[in-house]
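Below, all heavy atoms of this structure are taken into account, side chains as well, without hydrogens, waters or symmetry copies. Here is how names work: the chains are called A, B, and so on, in the same order as the sequence lines, proteins then strands, and each is numbered from 1.
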Number of protein chains: 2
Amino acid sequence: MKTNALFKRSYNQALDMLAGAGEGVPLPSEPAMAATLGVSRTTVRAVLTALAMREIITIDGRAKTQLRLPKRNDYLADADLEPLADMVERKFMAWLVGPDCSPGHVINGLDLARQFGVSTSAIRDCLNKFSHFGLLERQSNGRWRTLGLTVEFVAELFDMRELIEFRAVDRFVALSKDDPLWSELSLIEKEHHAFLDDFDRRNRDFSDLDHRFHKLVDSAVPNRFLGNIQGVMSVIFHYHYQWNKKDEVDRNHRALCEHLAYIDGLKSGDPSRAREACRLHLHTARSTMLTSINVI
Amino acid sequence: MKTNALFKRSYNQALDMLAGAGEGVPLPSEPAMAATLGVSRTTVRAVLTALAMREIITIDGRAKTQLRLPKRNDYLADADLEPLADMVERKFMAWLVGPDCSPGHVINGLDLARQFGVSTSAIRDCLNKFSHFGLLERQSNGRWRTLGLTVEFVAELFDMRELIEFRAVDRFVALSKDDPLWSELSLIEKEHHAFLDDFDRRNRDFSDLDHRFHKLVDSAVPNRFLGNIQGVMSVIFHYHYQWNKKDEVDRNHRALCEHLAYIDGLKSGDPSRAREACRLHLHTARSTMLTSINVI
DNA sequence: AATTTGTTTTTTATATAAAAAGAGCATTCA
DNA sequence: TGAATGCTCTTTTTATATAAAAAACAAATT
């Protein structure tokens with residue numbers, strides 16, 4: 001049966017909203033709450049019923065009143081808050097880059113389903129999705145084989161990435177000065193400085209910032225066929241580097257500084273300077289990844 | 001339940017083999033037949049049992065002997081010979097580019113399942129696959145919306161295609177003279193000439209030749225992330241132009257001639273000449289497609 | 001009259017079940 | 001002894017069933 005992760009997340013979100021209000025405060029109408037939470041009214045009604053059951057609110061006709069502030073243990077546990085597909089994807093990637101899977105390994109979907117505690121359908125969907133990332137291959141007998149993070153894979157990935165990003169850089173520097181992308185760039189530049197200032201504590205979260213930065217640059221040439229490249233980059237940064245913490249601090253610090261130089265290059269408006277900063281950064285990223293593969 | 005299209009195709013293939021032999025001829029062993037047909041022994045055994053049931057062969061211990069030549073009505077009908085996924089894909093694309101679907105249309109999976117006579121799982125798989133081609137988009141409520149063959153779509157598609165193919169051309173002309181790609185190019189060049197000679201009768205099948213030609217050129221820079229682009233190109237040529245027969249003869253004839261010029265350019269070894277022929281052809285292809293969209 | 005709520009109908013996501021096809025092993029035959 | 005066969009066990013594919021969530025519609029309220 002379908003998971004109710006959406007209900008649980010919405011319920012917790014509603015609690016957050018109530019925490020901002022107080023006892024005796026009337027709640028907004030169902031359609032209004034649905035719009036705020038970004039879900040259907042059906043889900044909102046389920047949440048309201050649950051809140052009334054826990055005596056956090058009271059429902060009398062169409063008058064909904066808050067009875068008390070939510071407590072910590074009113075919140076639903078983190079266990080099933082993640083959509084199933086995300087959970088499977090996370091576990092699968094962890095398995096794929098982990099020690100239980102070597103390149104060329106034939107995947108047993110039934111076995112994975114048992115390991116992850118989900119049905120084979122969920123595994124099937126996940127495998128189908130990842131096949132587009134070039135990390136898996138379908139054999140003639142219908143089975144899946146892992147291809148692994150090989151040197152060829154990284155070469156092809158970065159070739160493609162450079163091809164795309166160089167062109168994006170050329171377009172980016174030529175943007176008119178009032179283009180919204182410039183302010184977004186300044187914003188992300190500030191984030192980079194904030195990151196550097198608090199580097200020791202935050203350097204774990206760098207993959208997200210990295211992903212958003214490159215996505216911003218690439219958005220100068222909107223193209224829906226880039227999704228796969230960005231997806232696979234993000235996945236690899238997120239999962240592969242999770243198993244390879246060696247030199248993580250150095251790696252992230254260097255990338256941060258290169259990003260800042262890259263941003264300067266873009267802002268200078270000089271195509272050759274921007275291109276050069278981009279080239280330098282992508283070159284580093286490529287060799288970093290190649291090194292990390294050989295290290296494992 | 002699973003379709004037995006594989007069994008049916010194997011059965012017909014086996015009949016073809018028997019048609020080549022004759023009465024009284026002994027059949028090869030099960031493993032040998034499995035290897036020949038490219039299926040498992042389980043399937044071969046099912047085929048052999050069916051052949052014995054129809055009294056085309058007789059099985060006595062491990063001696064399998066042909067009793068008679070297969071007749072026309074021994075063959076299984078064309079109805080279910082196609083794998084289910086292929087059938088769904090074919091019907092879906094026909095629906096997508098046909099008159100029942102306008103850009104922005106919200107897809108009703110249940111309804112499509114009924115129309116195509118398959119289960120929702122099959123539709124789901126198909127939608128997931130096509131979302132990678134950029135023709136569909138997933139809304140926040142989990143529904144699919146068609147994006148249609150818009151002008152932006154074609155622009156993005158061809159931008160990407162040109163980016164990739166220009167680079168492939170540069171690499172192609174620089175290949176060593178004994179590279180196997182050169183002989184493949186000569187082979188496909190011959191096919192083009194054969195096509196031209198018999199143009200009136202064969203011009204319908206051009207999309208396949210076109211696909212193979214561009215795939216060959218692109219293979220000069222092996223990259224697994226190209227699959228999507230090539231896939232979507234192929235799909236569009238195959239299905240979109242099926243609904244748009246206007247000027248088909250002119251369109252195909254012109255493309256054929258441009259291909260030949262393109263091949264000459266590659267063979268000349270002069271990068272700028274090859275690039276120019278490529279540019280010209282891709283430019284024509286782009287405007288042809290743009291025109292065909294507006295015509296509909 | 002425009003919202004809001006109560007209720008019903010659709011649609012999607014996921015697990016389960018069953019057929020088809022593959023893989024492996026013991027036995028048999030040449 | 002080595003390959004072929006018979007049989008059994010897995011794995012994959014597909015349909016079906018069911019809960020969750022969305023959408024649609026009718027009745028009620030301000």
Closer to the 5' end of DNA chain D via nearest nucleotide, is it A:T3 or B:Q139?
-> A:T3

Closest nucleotide of DNA chain D for A:K8 versus for B:K64: which of these residues is on the 5' side?
-> B:K64

Nearest whole Å is fine: how far is [N] [atom2] from [X] [atom1]?
X: A:M1; N: C:dT11; atom1: CE; atom2: C1'; value: 18 Å
X: B:F7; N: C:dA21; atom1: CZ; atom2: P; value: 8 Å
X: A:D80; N: C:dT14; atom1: CG; atom2: P; value: 12 Å
X: A:L6; N: D:dA23; atom1: CG; atom2: P; value: 12 Å
X: B:K2; N: C:dA17; atom1: NZ; atom2: P; value: 19 Å
X: A:R45; N: C:dT8; atom1: CZ; atom2: C1'; value: 12 Å
X: B:L84; N: C:dA20; atom1: CG; atom2: C1'; value: 13 Å
X: A:N128; N: D:dT13; atom1: CG; atom2: C1'; value: 12 Å

Closer than 4.0 Å, any side-chain N/O of A:N141 to the OP1 or OP2 of C:dA23?
-> yes

Set of residues satisfying side chain to side chain donor-acceptor pair (under 3.5 Å) with respect to [X], sequence neighbours excluded:
X: A:K91; answer: none
X: A:N128; answer: none
X: B:S119; answer: B:S121

Does a side-chain heavy-atom distance below 4.5 Å link B:L147 with A:R224?
-> yes

Would you mind reporting whether A:Y11 and A:L81 have side-chain heavy atoms less than 4.5 Å apart?
-> no

Here the residues of residues 27-40 of chain B within 4.0 Å heavy-atom distance, strictly under, of DNA chain D are B:S29, B:E30, B:P31

Nucleic acid contacts - residues 105-126 of chain A versus DNA chain D, non-hydrogen atoms under 4.0 Å = A:I107, A:N108, A:G109, A:L110, A:R114, A:R124

For nucleotides 24-30 of chain D, 5' to 3', base contacts (B), sugar-phosphate-only contacts (S) and non-contacts (-) with protein non-hydrogen atoms under 4.0 Å give B---BS-

Residue whose closest nucleotide on DNA chain C lies nearer the 5' end, A:P83 versus B:A5 | A:P83

Rounded to the nearest 0.5 angstrom, the CG-CG distance for B:N12 and B:L37 is 11.0 Å

Within 6.0 Å of CD in A:Q139, more than 12 heavy atoms from elsewhere | yes

B:N73, CG atom: more than 12 neighbouring heavy atoms under 6.0 Å | yes

Between A:D208 and A:R212, is there a side-chain N and carboxylate O pair less than 4.0 Å apart?
-> yes

Hey, is B:E30 close enough to B:K64 for a salt bridge, meaning N to O under 4.0 Å?
-> no

Kindly determine whether A:R9 and A:D80 satisfy salt bridge (Lys or Arg N to Asp or Glu O under 4.0 Å), including the steps that lead there.
-> CA-CA 9 Å; A:R9 281 202 308 279; A:D80 309 334; over 6 Å; no

Please find out if less than 6.0 Å separates the ring center of A:W144 from that of A:H105.
-> no

